[in-house]
Structures are given as structure tokens and as C-alpha cells.
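Worksheet: the structure to be examined is printed underneath.
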Amino acid sequence: MTSGTVQRTGGADEALYRPGRWLALAVLVLAVLLVAVDATVLGLATPFLSEDLQPTGTQLLWIGDVYSFVIAGLLVSMGSLGDRIGRKKLLLTGAVAFGAVSVLNAYATTPEMMILARALLGVAGATLMPSTLALIRNIFHDPRERSIAIGIWGAMASAGAAVGPVVGGFLLEHFWWGSVFLINLPVMAVLVVVGVKLLPESKNPVAGPWDLVSVALSLIGMIGVVYAIKEAAGHGVGWDSGAAALTGAGALYGFARRQLTLPSPLLDMRLFRNRGFSGAVLADLLTILGLSGLVFFLSQFLQLVQERPPLEAGLAELPAAIGAVATGLVAGRFARRFSVRSVVAGGLAAMGAALAVLTFIDGSTGYPLLGAALLVVGVGAGFSFTVTADVILSSVPKERAGSASAVAETAYELGAALGIALLGSIVTGVYRNFATPEGVPADVASAAHESLGGAVEAATVLPAHQRAELVGAAQEAFVEGLRLAAGVGAAVLLGTAAAAWFLLRGQRLADGIEH
């Protein structure tokens with residue numbers, strides 16, 4: 001049997017080509033859409049949220065990244081739980097919880113309540129992502145079909161990134177900012193109702209017990225390390241960031257040691273002995289790190305610097321999603337025709353070059369340059385992420401698909417958290433140093449230095465000429481920070497492209513049918 005050619009004779013063949021597998025995939029990508037939409041609408045809603053809840057700059061960063069912190073801390077544990085209790089059961093339970101907690105996000109009345117709601121949403125989100133990839137691994141046994149399925153999975157994640165700003169922009173122009181979270185409810189409802197009937201259950205029949213000590217060590221370790229990096233980047237190294245770093249590193253060390261001694265570990269550390277697996281995971285982590293902090297602030301640039309309405313700002317970000325959707329669907333074919341490392345490294349290099357171009361933007365930069373850069377970012381991401389996801393899933397037996405998917409998603413979410421923390425702190429650090437125009441009252445100046453949204457809101461009490469001076473100085477400082485963050489992101493992505501070229505040497509996508 002060669003190159004995925006199979007005679008359809010029923011029986012065992014029916015197990016290979018499960019009826020309704022493409023409809024099952026449609027349900028799985030709804031879950032991806034759910035999480036992707038939620039992540040992107042937040043950036044668009046940030047100016048409105050800032051005006052209503054009046055968070056400090058630090059609280060605003062926490063609202064942006066606590067979701068990713070919690071997801072990163074729990075993904076491995078939830079992926080392993082899905083292997084044990086069933087991925088379908090975990091996915092549907094998580095979808096119900098995600099919808100319910102979205103309501104809490106929508107009606108948050110204080111920054112602290114919003115941070116808590118985002119953290120709880122992260123707990124629910126951690127149950128969704130590993131289950132979707134793991135179920136794809138178990139539904140599609142033909143590697144070529146699986147590559148297409150993973151491409152659709154990745155494309156829908158990108159489509160969510162596009163749908164979020166556009167739908168969110170429409171809602172923000174007609175309703176209050178909390179409405180952007182309520183769009184999760186109908187998606188969740190469809191996912192649960194249809195998923196109950198269409199999704200097959202799958203789990204590891206010999207997974208063993210779920211080790212709660214490992215769960216705690218993973219959560220403490222991830223959050224401790226990410227918090228330490230965030231604090232050190234934003235406020236310099238201090239006793240609190242040092243203590244968090246030591247606590248987190250100690251917990252992760254304990255987690256790794258414990259996994260090597262357990263007969264049924266939450267995470268099989270031997271997966272990392274596979275160079276292709278390790279290279280793909282590292283590429284995902286560093287890529288998202290280079291992109292996420294910039295993307296988080298781009299919506300604010302479009303709205304608060306270029307003063308575009310929310311819907312227009314959402315539409316302006318569409319080229320990235322279009323590029324990712326188009327290339328994600330053909331990435332597997334390209335990787336088989338050329339090579340895995342050339343497609344991944346090429347995609348990463350393209351993204352790095354696009355971010356390098358963004359180091360030249362200013363408040364008056366025309367849309368053609370921005371749109372072209374976003375399109376190239378999307379094309380590169382579609383190639384890179386689709387192929388690395390395929391490599392990660394192909395590197396492990398299907399019984400361990402939940403754990404492998406969780407590692408991939410952990411890299412993604414950890415990269416997002418670190419990106420927002422590090423690159424976001426660069427933007428915030430540069431922004432806070434802008435010189436206040438003469439005559440601006442101290443309380444207004446203090447509010448203006450917290451965030452760009454705060455500056456626009458605080459300036460409304462000033463005379464017209466002072467308002468223009470203060471907002472202009474704040475916008476200029478924000479763009480300067482954005483340019484610096486784009487440069488750092490470009491350097492990270494170009495370095496990752498070089499690393500992927502060596503780490504993925506000789507790596508190939510599977511061709512034969514799995515029995």
C-alpha cells in the first residue's frame with residue numbers, strides 16, 4: 001500500500017476512513033474558533049474596557065495575558081486528563097464551562113473581577129485545545145487526510161482571528177464592550193449539541209491514574225516562571241520576581257523528575273528525545289512569542305493612533321487571516337514536495353521580514369504597507385504552524401495524542417503569554433517615558449502615563465490645544481514602543497527560522513496509512 005492509496009472494502013477500511021469524519025472535524029474547529037475569537041476580540045475591546053473599568057497599565061497587561069498564563073499552566077494536565085477520561089467528554093464539558101464563564105467576562109465591573117474572569121476562562125480554554133488536536137489524530141488515520149484536517153484546523157484558528165475583530169468591531173459600534181464575549185454562547189451551543197452526536201470518544205486505554213501532585217507542580221511552575229519574566233521585563237529584577245522565578249523553576253524541575261519516575265506520567269518526557277518533535281515545539285513557542293505581543297497592541301495602534309472605528313480596525317487585520325487560511329490548506333502538500341524544514345524555516349523568515357518592515361511605521365503610515373505586512377505574516381504563519389502541528393502529531397503513537405497535543409498547545413499559549421509580557425512590557429516601558437506637555441495637571445498626566453487609552457480619556461478634560469498636545473505626545477511614544485517591539489519580534493522570528501532549519505533536518509511527514 002503506497003502513498004495513502006487504499007481500496008475501500010468496508011470492515012477495517014471503514015475504521016480507516018470513519019464515516020462522518022469531516023463533519024466531526026467541523027465540530028472540532030468550532031472549538032478552535034471559540035478560543036481564537038475570544039483571544040482577538042479582547043485587543044479590539046481594550047480601549048473601551050479601559051475607559052469603563054479604568055485599569056492601571058499593569059492591570060491592563062494582566063487582563064491581556066492572565067488567560068494565556070492559566071492555559072499554559074493547565075494544558076499539559078488537561079491533555080493528560082483527556083487521555084484518561086475521554087477527549088470528547090473533556091471537550092464538551094470545557095465548551096459548556098467556556099460559555100458560562102464568558103458571561104462573567106461580559107458583565108465584569110472592576111479590573112480585578114475582569115482579571116479573575118479571564119483566569120477562569122483560561123481554565124475552561126485549557127480543556128478545549130488539546131482535545132481538538134488529539135481527536136483529529138484519532139479520527140484521521142490517513143496522513144495525507146490528516147494534513148488537510150490539520151490545515152483546516154489551523155485555518156479556522158486564523159479565521160477566528162479574523163472573525164473576532166470584524167464581528168467584535170460591529171458589536172462595539174452598536175453595543176457595550178461586554179457583548180464581544182457573549183458571541184461565544186451561540187458557538188458553544190452548536191458545538192455541544194452537534195458534538196454529542198458526531199464526535200467519537202477516544203482515550204488511552206492504559207493511561208493510569210491522574211497524578212494531582214504533577215498537576216499542581218505544572219501549574220505552579222508555569223505561572224511562577226511566566227510571572228517572573230513579566231515582572232522583570234516591566235519593573236526590573238526584584239525580590240518578588242526572583243522569588244517567583246525560583247519557585248517556578250523548582251516546581252518545573254520537580255515536575256520533570258516526577259514524570260520520569262511515574263509509571264503513567266502526565267507528560268512523557270521521552271517525547272522530547274525526538275529531534276523533530278522538540279524542534280517543532282520550540283519553533284511554535286518562539287514564533288508566537290515574536291508575534292503575540294505585537295498583535296496585542298496593533299489593534300490599539302489602529303484605533304487610538306490612526307483613529308479608525310472598531311469595525312474598520314477589525315477589517316484592517318483581515319489580510320493576516322486570509323494569508324494563513326490560504327497557505328494552511330496547502331502546507332502539508334508543500335512540505336511533502338519540498339521539505340519540512342524549508343517550509344517551516346521559510347514561513348518563519350517571511351514573518352520575521354514582515355515584522356522588520358513594521359519597524360518603519362509611524363502614525364501616518366498608509367494602509368497598503370500595513371496590509372501587505374499582515375498578509376506576509378499570515379502566509380508565513382499558515383505554512384509554519386500547520387507543518388509543525390503535523391510533525392508533532394505524527395511523532396507519537398495515537399494513544400499519546402492528548403499529551404503531544406497539550407505540549408504543542410502549551411508552547412503556543414506560553415509563547416503568547418511571554419510575548420505579551422516581554423514585548424508588551426517594551427511598549428509600555430517606552431510609552432511611560434513620554435514627556436508631559438507644560439500646564440497639564442498632575443492627575444491628568446498620571447492617568448495619561450498608565451496607557452494610551454487612559455491618555456485619550458484623561459485628555460478630554462483639557463482645553464483643545466493641550467488635549468491635542470498630550471494625545472499627540474502619547475501616540476508618538478506608543479508608536480515608538482511598537483516599533484521597538486516589532487524589531488525584537490523580527491529578531492526572534494529570524495533566529496527561530498535559522499534554528500528550525502537545523503533542528504528539522506531530515507524530518508518528513510508520514511505518507512503511509514495507519515492501521
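Contact check for Met114 versus Pro55: no side-chain heavy atoms found under the 4.5 Å cut-off. Using a 4.5 Å cut-off on side-chain heavy atoms (C-beta onward), Tyr107 and Val103 make contact. Inter-residue side-chain proximity for Gln306 and Glu312 is flagged as unmet; no heavy-atom pair is nearer than 4.5 Å. Looking at heavy atoms from C-beta onward, Leu128 lies in side-chain contact with Leu91 at the 4.5 angstrom threshold. By the 4.5 Å heavy-atom criterion applied to side chains, Leu121 and Arg118 are counted as neighbours. Under the 4.5 Å side-chain criterion, counting only non-hydrogen atoms from C-beta, Val281 is not in contact with Thr388. Taking the side chain as every heavy atom from C-beta outward, Leu260 and Pro265 never approach each other to under 4.5 Å. No side-chain heavy atom of Phe175 sits less than 4.5 Å from a side-chain heavy atom of Leu182.
Distance CE/Met222 to CG/Leu74: 10.0 Å, rounded to 0.5 Å. The CG atom of Leu217 sits 8.5 Å away from atom CD of Gln259, with the distance rounded to the nearest 0.5 Å. Taking CZ from Phe98 and CG from Leu185, the interatomic distance works out to 10.5 Å, rounded to the nearest 0.5 Å. Note: Leu116 CG to Asn105 CG = 9.0 Å, rounded to the nearest 0.5 Å. Interatomic distance, CG of Leu482 versus OH of Tyr431, reported as 13.5 Å (0.5 Å rounding). Remark: Ile136 CD1 to Leu28 CG distance equals 5.5 Å, nearest 0.5 Å.
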Test side-chain contact (heavy atoms from CB on, under 4.5 Å) applied to Val194 and Leu23, step by step: CA-CA 9 Å; Val194 180; Leu23 284 177; over 6 Å; no
- Give the C-alpha distance, both sets of side-chain angles, the deciding distance and a yes or no for side-chain contact (heavy atoms from CB on, under 4.5 Å) between Leu370 and Leu302. CA-CA 10 Å; Leu370 288 173; Leu302 291 169; 4.2 Å; yes
**Item:** Worked verdict on Val123 versus Val101 for side-chain contact (heavy atoms from CB on, under 4.5 Å)
**Value:** CA-CA 10 Å; Val123 176; Val101 179; over 6 Å; no
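Nearest heavy-atom pair, Leu286 versus Val492, reported as atom, atom and distance to 0.1 Å: O-CG1, 3.4 Å. Smallest separation of non-hydrogen atoms from Val391 and Ala280: CG1-CB, 4.0 Å. Residues Ala354 and Val377 approach most closely at CB-CG2, 3.6 Å, considering heavy atoms. Nearest heavy-atom pair across Ala447 and Ala458 is CB-CB, 3.9 Å. Across all their heavy atoms, Val427 and Gly481 have their closest contact at CG2-O, 3.6 Å. Here the shortest heavy-atom pairing between Met113 and Leu104 reads CE-CD1, 3.6 Å.
A donor-acceptor pair under 3.5 Å is absent between the side-chain atoms of Ser218 and the main chain of Ser214, judged by distance alone. Side chain of Thr127 to backbone of Ala124: a donor-acceptor contact under 3.5 angstrom is found. No donor-acceptor distance shorter than 3.5 angstrom exists from the side chain of Ser384 to the backbone of Gly380, with no hydrogens or angles considered.
Heavy atoms of other residues, nucleotides or ligands lying less than 6.0 angstrom from CZ of Phe272 number more than 12.
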